[in-house]
Amino acid sequence: MASLKDVSRLAGVSPSTASRVMTGNVRVDERTRSRVLAAVEQLRYKPNLLARGLRKQSGRLIGLMVPEILHETFAIFISLVEEACVERGFTMILGNTRDDLVVEERVLDNLIGLKVDGIIVSLVSDRSAVMSSLRKSDIAVVGIDRAVEDEHVDRVQIDNREAGRIAARYLHSMGHRRIACIAGPQSVALSRERSAGFQEYLIQRGIEPISIAGADFEFETGMTCLRALLERGEEFTAVWAQNDLLAIGAMRELDRLGIRVPEDVSIIGMDDIKTTRMVLPALTTVRQPFRAICQKAVELLLRRMENPGSPPRSTVLTPELVIRGSVRRQQDPPIAFPGRASGKRSPQSRRTT
């Protein structure tokens, strides 16, 4: 790629003069300006904005660290955080930590090396060690979603206990009394908080929830967990999965086994990603206010950058129920699972241990 020196050489001016033209300095005469701009066009020169920012000690760069860029939930965060950054004149640099603690530390080191002005981070797990590095670097930081469990750090997240209560309350109101939960990985605090709210609501009403935890929040894990519940002989009429991909995976496994949603089993998810409206039946879910989370995170980060010594703020937003077609009112007596072609007894014919 052409450099500023190449431009100045072709235009017959010094690099400093070429630089003044590029920055719009009015003290350059028009003939010189024309030569420089002609050289820029001929060489297809693009200014190195990052290098310019490093020289000024501020490139107006914000880093965003997420566990998985291909996961639809994080894709939403990426899009909305970038939108909020651009609106405020900042460029976002994305770091994909691949749900790996070692990669997470390397991504952080790269962002620090790029002299970002601040970092918004969704941690891989509670075992993440990146916060100690951030504190040493004095870089402004805000935690979102899998937020930093540190009272000294700005955070934006939803009320995950309330999310669990919302799901449990709705299924209970629809007459379900045998209710299963497909939880996310227990190394992530929000999974435990969602489970706690879900269990508390049901136990207070004399219902013992059935629970299973997945290794991650992926579609395939939803299939695996649903199959494991059936193989354990659990009896349930409804399932809450702690994100939409887990829920859709559970729906897919039920369909594979000839078990209908919602006629035989009701399903409710969490997040409200676009795919919830594409499956049949459309998925009832607990919605995260994604745009509000991202706007608030960028707002807090900019405030932290301007006032490094200000008290940390924790913003907790409330999720909401979105009713679609995957939950039906439970009949009395409950509908039994249909038999399976494999010849195994249906889950309803086996007692829960």
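In this chain, numbering begins with 1 at the start of the sequence shown.
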Salt-bridge contact [X]-[Y] (side-chain N to carboxylate O under 4.0 Å):
| X | Y | answer |
| --- | --- | --- |
| Glu234 | Arg178 | no |
| Arg291 | Glu83 | yes |
| Arg324 | Asp272 | yes |

Heavy-atom distance under 4.5 Å between the side chains of [X] and [Y], does that happen here?
| X | Y | answer |
| --- | --- | --- |
| Asn96 | Val107 | no |
| Leu64 | Met92 | yes |
| His172 | Arg177 | yes |
| Val141 | Arg304 | no |
| Ile120 | Met65 | no |
| Met174 | Gln330 | no |
| Leu254 | Ile267 | yes |
| Val142 | Val153 | no |

Using modelled atom types and a 3.5 Å cut-off, is there a donor and acceptor pairing between side-chain atoms of [X] and backbone atoms of [Y]?
| X | Y | result |
| --- | --- | --- |
| Ser326 | Thr284 | yes |
| Asn243 | Leu246 | yes |
| Thr97 | Val66 | yes |
| Trp240 | Gly269 | yes |
| Ser79 | Ile76 | no |
| Thr237 | Val265 | no |
| Glu68 | Leu70 | yes |
| Thr32 | Val28 | no |
| Asp100 | Val102 | yes |
| Arg146 | Val124 | yes |

>> For a salt bridge (charged side-chain N to carboxylate O under 4.0 Å, His left out) check, start with the C-alpha distance between Glu162 and Arg165, then their side-chain angles and the critical distance, and finish with the verdict.
In response: CA-CA 5 Å; Glu162 180 60 17; Arg165 286 190 287 265; 2.9 Å; yes
When clusters are formed by joining ILVMFWY residues with side-chain heavy atoms under 4.5 Å apart, either directly or through shared neighbours, do [X] and [Y] land in the same one?
| X | Y | result |
| --- | --- | --- |
| Val103 | Ile93 | yes |
| Val81 | Leu94 | yes |
| Ile179 | Ile323 | yes |
| Phe217 | Ile212 | yes |

Around atom [atom1] of [X], are there more than 12 heavy atoms of other residues, nucleotides or ligands at under 6.0 Å?
| X | atom1 | result |
| --- | --- | --- |
| Arg313 | CZ | no |
| Arg106 | CZ | no |
| Glu41 | CD | no |
| Arg169 | CZ | yes |

Distance in Å, [X] [atom1] paired with [Y] [atom2], rounded so as to fall on 0.5 Å steps:
| X | Y | atom1 | atom2 | value |
| --- | --- | --- | --- | --- |
| Thr315 | Asp154 | OG1 | CG | 8.0 Å |
| Ser266 | His176 | OG | NE2 | 3.5 Å |
| Arg256 | Glu253 | CZ | CD | 4.0 Å |
| Met278 | Ile273 | CE | CD1 | 8.5 Å |
| Leu190 | Asn160 | CG | CG | 5.0 Å |

Show the nearest heavy-atom pair for residues [X] and [Y], with the distance to one decimal.
| X | Y | answer |
| --- | --- | --- |
| Ala297 | Ile144 | CB-CG2, 3.5 Å |
| Ser191 | Pro185 | OG-O, 3.0 Å |
| Tyr45 | Ser3 | CE1-C, 3.6 Å |

> What residues, two or more places apart in sequence or in another chain, satisfy side chain to side chain donor-acceptor pair (under 3.5 Å) together with Ser187?
Replying inline: none
Looking just at side-chain N and O atoms, do [X] and [Y] make a donor-acceptor pair shorter than 3.5 Å?
| X | Y | result |
| --- | --- | --- |
| Thr318 | Asp159 | no |
| Ser195 | Arg192 | no |
| Ser14 | Thr17 | yes |
| Ser128 | Glu104 | yes |

>> Before you tell me yes or no, could you show the steps for Glu299 and Arg88 under salt bridge (charged side-chain N to carboxylate O under 4.0 Å, His left out), namely the whole-Å CA-CA distance, both residues' side-chain angles and the distance that decides it to 0.1 Å?
In response: CA-CA 9 Å; Glu299 176 188 319; Arg88 293 161 175 81; 5.3 Å; no
With [X] via side chain to side chain contact (heavy atoms under 4.5 Å, CB included) - residues at least two apart:
| X | value |
| --- | --- |
| Leu10 | Ala39, Gln42, Leu43 |
| Ile112 | Leu108, Ser137, Ile139 |
| Val86 | Glu82 |

>> Would Asp216 and Thr221 count as a side-chain hydrogen bond (donor to acceptor under 3.5 Å, both in side chains) here? Give the steps.
In response: CA-CA 7 Å; Asp216 52 42; Thr221 301; 2.4 Å; yes
>> Using the rule given for salt bridge (charged side-chain N to carboxylate O under 4.0 Å, His left out), can you reason through Glu320 versus Arg287, listing the C-alpha separation, both sets of side-chain angles and the distance that settles it, and then say yes or no?
In response: CA-CA 5 Å; Glu320 62 177 319; Arg287 174 185 289 160; 3.4 Å; yes
> Residues in ring-ring contact (aromatic ring centres under 6.0 Å, His included) with Phe219, at least two apart?
Replying inline: none
>> Holding to ring-ring contact (aromatic ring centres under 6.0 Å, His included), I want the full list of residues that pass it with Tyr170, two or more places apart in sequence or in another chain.
In response: none
> So, is the end of the Arg205 side chain (NZ or CZ) under 6.0 Å from the ring centre of Tyr201 and within 45° of the ring's axis?
Replying inline: yes
